[in-house]
Participant: 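Quick one: this structure, given as structure tokens, is what I'll be asking you about.
Below, chain A is the first sequence line, B the second, and so on; all start at residue 1.
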Amino acid sequence: MKIQLRDETREFEKGTTILEIASSISEGLARVAVAGRVDGVLTDLSVALEDDCALEIVTQKDPEAKQILRHTAAHVLAQAVKTIYPTAKLSIGPATEDGFYYDFDFKTPITVDDLPKIEAEMKKIIKANFEIKRNVVTKKQALKRAKDEGETFKIQLIGDIPDDETVTEYTQGDFTDVCRGPHMRSTGMVKAFKLTRIAGAYFKGDSKNKMLTRIYGVAFDKKSEMDEYFVRQEEAMKRDHNKLGRELEIFTTVDYIGQGLPILLPKGTAIVQTMQRFVEDEEAKRGWVRTKTPLMAKSDLYKISGHWDHYKDGMFVLGDEKEDKEVFALRPMTCPFQYQAYLNRARSYKDLPMRLAETSTLFRNESSGEMHGLIRVRQFTISEGHLMCTPEQLESEFKGCLELAIFMLKTMGLYEDASYRFSQWDPNDRDKYIGTVEQWEEAQGKMKTILDNLGIPYKVGVGEAAFYGPKLDIQIKNVWGKEDTLITIQIDQMLAEKFGMEYTDKDGNKKNPYIIHRTSIGCYERTLAYLIEKYAGAFPLWLAPVQLKVINVSEKSEDYAREVSQKLALHGYRIENDFRSEKVGYKIRQAQLEKVPYMMVLGENEIAAGTVTLRKRNGEEIRDLSIEQVVEIFNKEIEEKIK
RNA sequence: GCUGAUGUGGCUCAGUGGUAGAGCAUCACCUUGGUAAGGUGGGGGUCACGGGUUCAAUCCCCGUCAUCAGCUCCA
């Protein structure tokens with residue numbers, strides 16, 4: 001058979017294993033080989049090849065090797081758990097970004113205190129360096145073994161494997177687990193690992209199923225790499241908006257106000273207000289007009305929109321349908337409110353596109369375990385907008401919405417961290433969505449064409465659509481690597497019909513407009529959270545809650561400092577004075593810790609010269625400036641939104 | 001909602017079955033000091049909240065609330 005290697009094609013006998021092929025290339029390669037990639041599919045070294053194929057040898061250096069290592073570490077964990085807790089039932093144990101996890105069903109629950117014991121057992125298994133043997137079995141054989149061992153979850157998992165697929169089992173010592181593989185050659189190849197935490201996870205990711213105990217760990221090639229990982233985690237923790245945002249007095253929470261209801265402190269409010277003004281002005285420049293609609297409505301409205309059926313659990317409902325004549329609900333979105341502005345009179349194609357924006361406060365009754373700092377809250381304010389247009393206008397208007405979003409991301413400095421997700425419906429979960437298959441195919445087809453024409457590099461998210469239409473979600477990760485939607489642009493051809501929104505076209509016929517639901521910068525709370533993490537609290541001048549701290553050297557310079565401060569305040573800068581009778585070094589240190597972009601230290605030298613001295617956050621000083629020169633520096637930096 | 005962890009002055013954290021401590025912050029006084037912490041002294045805590053056990057609970061038990069990690073969810 002012909003095997004196409006990286007640089008050449010070579011002839012091998014049928015039945016030669018990947019490891020043997022690696023050895024024939026070089027012994028060195030065989031030593032560092034971890035797996036093979038056969039026609040793009042990761043495969044164990046022990047697998048014998050039978051047909052012509054392309055083969056790449058995956059070595060320890062390749063990123064895939066880490067995944068294999070981590071997956072093997074998961075099996076070592078499973079073996080250790082089965083040794084200590086023979087009654088524990090196995091579920092699944094894949095690799096993750098930095099490590100692995102395995103889901104178990106324990107007869108009696110374990111806690112974090114049990115982890116060291118399990119780790120110790122894992123070390124024994126690693127030291128024993130069991131060979132990891134791959135066996136191809138039939139589905140029937142795998143099922144029988146799972147039944148014999150009482151592995152109730154494995155029985156279900158094996159049952160889900162398509163009949164025509166090869167089933168493989170991996171054995172290390174006395175432990176065997178059904179698994180797609182590939183794996184390291186032996187347990188001794190797991191070098192550096194640590195069990196990190198324990199959490200609940202539903203079997204097969206479905207909350208209707210039993211909750212299993214998930215044990216998480218990290219694994220690396222070397223101890224030093226693992227140490228670096230923990231150092232990186234420490235660094236991430238320092239940027240965490242939930243910690244830094246509180247330290248810098250941007251926001252706080254109060255237990256008797258409630259979960260998901262943060263208090264924006266003056267500093268946080270200053271940032272949000274700056275963003276909001278910027279967003280509203282920019283939207284106006286791009287042809288958006290604003291509405292101001294109620295924060296609540298009778299249930300009737302939500303019944304028309306479909307929210308009552310599809311989203312009632314997520315709403316704060318005021319009153320009881322059985323007892324009260326009128327039941328209200330706080331709004332979880334702006335759509336049906338803003339549509340009323342469109343419906344205010346009969347519309348013509350000449351009115352389109354109609355771009356309606358609103359700085360809109362929404363309320364969503366998130367489950368108690370969902371709330372997170374400023375990223376997931378129960379009340380938030382979003383730069384909302386709905387755009388009604390004709391089918392011909394759809395593509396260019398969608399593009400305009402995307403350009404606005406990208407402009408915002410770039411200005412904020414978040415663009416490089418964002419990725420795109422084309423969120424589609426799940427045809428197998430019809431309950432979640434309104435509309436027909438044809439409508440969904442049409443809307444998604446239109447969006448796909450638009451995205452492909454724009455050359456947007458997206459990944460597809462099945463089942464991530466809104467109940468009324470597909471979305472382009474702009475995703476961003478927090479310091480811990482957890483992803484959330486920052487911005488969304490959606491195409492909706494269903495709600496217009498539900499609300500009877502029409503326009504009279506050139507031909508005199510009434511038609512439903514397309515609606516684009518979009519946000520230009522997302523929710524201010526969430527965006528603020530990512531900004532805190534992005535800048536580690538050291539905001540660009542235009543966004544900084546305190547732009548300048550004026551510091552006097554001694555009492556002798558207080559009057560002068562006050563005078564300078566007042567003159568600068570007339571320009572609208574956000575200034576704080578620190579005229580306390582403390583030493584200059586002390587006051588500078590404090591301003592530094594608050595990450596204020598500019599300090600102005602004024603003493604007798606400045607009084608004598610009639611000038612001021614600026615000190616940047618990085619310690620750089622600009623001396624002998626007039627107030628006018630300071631204004632010039634500030635205005636330039638603020639207007640250009642320099643990062 | 002579920003699993004696990006946490007909750008002690010404004011913040012970071014010690015601590016104990018016999019009604020609590022440090023550093024930072026705050027306040028007062030001294031100091032008027034030129035680019036990341038000057039000195040002295042003082043005030044401040046129903047040990048998240050509510051029950052229970054106990055002669056006695058911040059500590060043990062139960063419940064609630066909040067915070068964190070994860071799962072599910074996320075219009």
Participant: Which part of the nucleic acid does A/H372 contact within heavy-atom distance under 4.0 Å: base, sugar-phosphate only, or nothing?
Facilitator: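 A/H372: backbone/sugar contact only, no base atoms under 4.0 Å.
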Participant: Parallel, tilted or perpendicular for A/Y85 and A/F106, by the 30°/60° rule?
Facilitator: perpendicular
Participant: For B/U54 versus B/U12, give the span between their C1' atoms, rounded off to a whole number of Å.
Facilitator: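 Going atom to atom, C1' in each nucleotide, I get 34 Å.
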Participant: Given the P atoms of B/G10 and B/G51, what is the spacing between them in whole Å?
Facilitator: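 These two P atoms come out 23 Å apart once rounded.
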Participant: In this structure, how many angstroms lie between the P atom of B/U72 and the CD atom of A/E366, rounded?
Facilitator: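 So the CD-P distance, A/E366 to B/U72, works out to 15 Å.
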Participant: Over how many whole Å does the gap from A/E594 atom CD to B/C24 atom C1' extend?
Facilitator: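 Whole-Å distance recorded here is 14 Å.
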Participant: Using a strict heavy-atom distance below 4.0 Å, which residues from residues 105-121 of chain A are in contact with RNA chain B?
Facilitator: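 Result for residues 105-121 of chain A: A/T111, A/V112, sorted by number.
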Participant: Are A/Y101 and A/Y216, when compared by the centres of their aromatic rings, separated by less than 6.0 Å?
Facilitator: yes
Participant: Between A/K477 and A/D417, is there a side-chain N and carboxylate O pair less than 4.0 Å apart?
Facilitator: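 Salt bridge flag = no for A/D417 with A/K477.
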Participant: How would you list, by chain and number, every residue that makes a salt bridge (Lys or Arg N to Asp or Glu O under 4.0 Å) with A/K117, sequence neighbours excluded?
Facilitator: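 Testing A/K117 for salt bridge (Lys or Arg N to Asp or Glu O under 4.0 Å), a comparison that skips the adjacent residues, returns A/D114.
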Participant: What is the separation between atom CD1 on A/I263 and atom C1' on B/U67, rounded to the nearest whole Å?
Facilitator: 15 Å
Participant: Only pairs at least two apart or in different chains count here, so list each side-chain hydrogen bond (donor to acceptor under 3.5 Å, both in side chains) that has a residue in residues 249-265 of chain A.
Facilitator: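 Residue pairs with at least one partner in residues 249-265 of chain A: A/R246-A/T253.
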Participant: Using the salt bridge (charged side-chain N to carboxylate O under 4.0 Å, His left out) rule, collect all pairs that involve residues 356-370 of chain A, keeping only residues at least two apart or in two chains.
Facilitator: A/R331-A/E358, A/E366-A/R376, A/E370-A/R376
Participant: Is a side-chain donor or acceptor of A/Q439 paired with a backbone partner of A/T436 at a separation under 3.5 angstrom?
Facilitator: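 Between the backbone of A/T436 and the side chain of A/Q439 there is a qualifying donor-acceptor contact (under 3.5 Å).
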Participant: Could you label the plane-to-plane angle of the A/H241 and A/F251 rings as parallel, tilted or perpendicular, counting under 30° as parallel and over 60° as perpendicular?
Facilitator: parallel
Participant: List every contact pair, protein side and nucleotides 48-50 of chain B side both N or O, where the distance is under 3.5 Å.
Facilitator:
none

Participant: For A/V377, give me all partners under side chain to side chain contact (heavy atoms under 4.5 Å, CB included), at least two apart in sequence or on another chain.
Facilitator: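 Once residues adjacent in sequence are excluded, the partners of A/V377 under the side chain to side chain contact (heavy atoms under 4.5 Å, CB included) criterion are A/P262, A/F380.
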Participant: Please state how far atom CG in A/L265 lies from atom C1' in B/C11, giving the value in whole angstrom units.
Facilitator: 14 Å
Participant: Using a cut-off of less than 4.0 Å, is there contact between a side-chain N or O of A/K482 and OP1 or OP2 of B/C74?
Facilitator: no
Participant: Please report, to 0.1 Å, the donor-acceptor pairs under 3.5 Å made by any side chain of residues 200-209 of chain A, with sequence neighbours excluded.
Facilitator:
residue, atom, partner, partner atom, Å
A/K204, NZ, A/D160, OD2, 2.9
A/D206, OD1, A/K208, N, 2.9
A/N209, ND2, A/F203, O, 2.8

Participant: For B/A69 and B/C13, measure between their P atoms and round to the nearest Å.
Facilitator: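 About 15 Å, rounded to a whole number of Å.
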Participant: Which part of the nucleic acid, if any, lies within reach of A/Y216 when heavy atoms closer than 4.0 Å are counted: base, sugar-phosphate only, or nothing?
Facilitator: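 Sugar-phosphate, no base atom in range.
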Participant: What is the per-nucleotide protein-contact pattern of nucleotides 29-38 of chain B, from the 5' end, where B denotes a base atom under 4.0 Å from a protein heavy atom, S denotes such proximity for sugar-phosphate atoms only, and - denotes neither?
Facilitator: --BBBBBBBB
Participant: Determine the interatomic distance between C1' on B/C49 and the same-named atom on B/C65; round to the nearest Å.
Facilitator: 7 Å
Participant: Assess whether a salt bridge exists between A/R421 and A/D473, defined as any Lys/Arg side-chain N lying under 4.0 Å from an Asp/Glu carboxylate O.
Facilitator: yes
Participant: Within this structure, what is the CD-to-P distance between A/E234 and B/U12, rounded to whole angstrom?
Facilitator: 16 Å
Participant: By the 4.0 Å heavy-atom rule, please label A/Y256 as base, sugar-phosphate, or nothing.
Facilitator: nothing
Participant: What side-chain donor-acceptor pairs closer than 3.5 Å can you find for residues 549-556 of chain A, not counting sequence neighbours?
Facilitator:
residue, atom, partner, partner atom, Å
A/K549, NZ, A/E576, OE1, 3.0
A/K549, NZ, A/E594, OE1, 2.8
A/N552, OD1, A/K587, NZ, 2.8
A/N552, ND2, A/S554, O, 3.1
A/S554, OG, A/K556, N, 3.2

Participant: Roughly, in whole Å, what's the span from NE2 in A/H241 to P in B/U67?
Facilitator: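 It is 11 Å, rounded to the nearest whole Å.
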Participant: Return the set of residues passing side-chain hydrogen bond (donor to acceptor under 3.5 Å, both in side chains) with A/D484 (not counting sequence neighbours), or none when no residue passes.
Facilitator: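 None.
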Participant: For the C1' atoms, the ones on B/G21 and on B/U32, what distance do you get once it is rounded to whole angstrom?
Facilitator: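 Going atom to atom, C1' in each nucleotide, I get 35 Å.
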Participant: For the P atoms, the ones on B/A56 and on B/G18, what distance do you get once it is rounded to whole angstrom?
Facilitator: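 My reading of the P atoms in B/A56 and B/G18 gives 14 Å.
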Participant: What contact category does A/G469 fall into here, base, sugar-phosphate, or nothing, at under 4.0 angstrom with non-hydrogen atoms?
Facilitator: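 A/G469: no heavy atom of the nucleic acid under 4.0 Å.
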Participant: Send over the distance from A/W480 CH2 to B/C71 C1', rounded to a whole Å.
Facilitator: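 That distance rounds to 19 Å.
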Participant: So, under a plain 3.5 Å distance rule, would you say the side chain of A/R246 forms a donor-acceptor pair with the base of B/C11?
Facilitator: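 Such a pair does not exist between side chain and base.
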Participant: Once you measure the plane-to-plane angle for A/H310 and A/F467, does it fall in the parallel (<30°), tilted (30-60°) or perpendicular (>60°) bin?
Facilitator: parallel
Participant: Under 4.0 Å between any heavy atoms, over every strand shown, what does A/A201 touch: base, sugar-phosphate, or nothing? Just pick one.
Facilitator: sugar-phosphate
Participant: Given 3.5 Å as the limit, does a donor-acceptor pair link the side chain of A/E533 with the main chain of A/Y530, or not?
Facilitator: no
Participant: Can you tell me which stems involve RNA chain B, if a stem is defined as three or more consecutive Watson-Crick or G-U wobble pairs, both distances under 3.5 Å?
Facilitator: B:1-7 with B:65-71, B:10-13 with B:21-24, B:26-30 with B:38-42, B:48-52 with B:60-64
Participant: Within the distance-only criterion (no hydrogens, no angle test), does the side chain of A/R239 pair as donor or acceptor with the backbone N or O of A/L244 below 3.5 angstrom?
Facilitator: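 Such a contact is absent between A/R239 side chain and A/L244 backbone.
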Participant: Looking at A/Q444 and A/W425, would you say the former's side chain and the latter's main chain have a donor-acceptor pair under 3.5 Å?
Facilitator: yes
Participant: Output yes when A/E397 and A/R355 qualify as a salt bridge under the 4.0 Å nitrogen-oxygen rule, no when they do not.
Facilitator: yes
Participant: Would you kindly compare A/D240 and A/K471 by the position of their nearest RNA chain B nucleotide and give the one closer to the 5′ end?
Facilitator: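 Comparing both residues, the 5'-ward one is A/D240.
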Participant: Tell me if the side-chain of A/R364 makes a donor-acceptor pair with the base of B/C73, cut-off 3.5 Å, by modelled atom types.
Facilitator: no
Participant: Which nucleotide in the list B/C2, B/G70, B/C74 gets nearest to the side chain of A/R197?
Facilitator: B/G70
Participant: In whole angstrom, give me the gap between the P atoms of B/G9 and B/U58.
Facilitator: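 Comparing P positions in B/G9 and B/U58 gives a spacing of 15 Å.
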Participant: At a heavy-atom distance below 4.0 Å, what parts of residues 204-211 of chain A sit against RNA chain B?
Facilitator: A/G205, A/S207, A/M211
Participant: Quote, to the nearest angstrom, the C1' distance that separates B/A37 from B/C24.
Facilitator: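 Approximately 10 Å lies between the C1' atom of B/A37 and that of B/C24.
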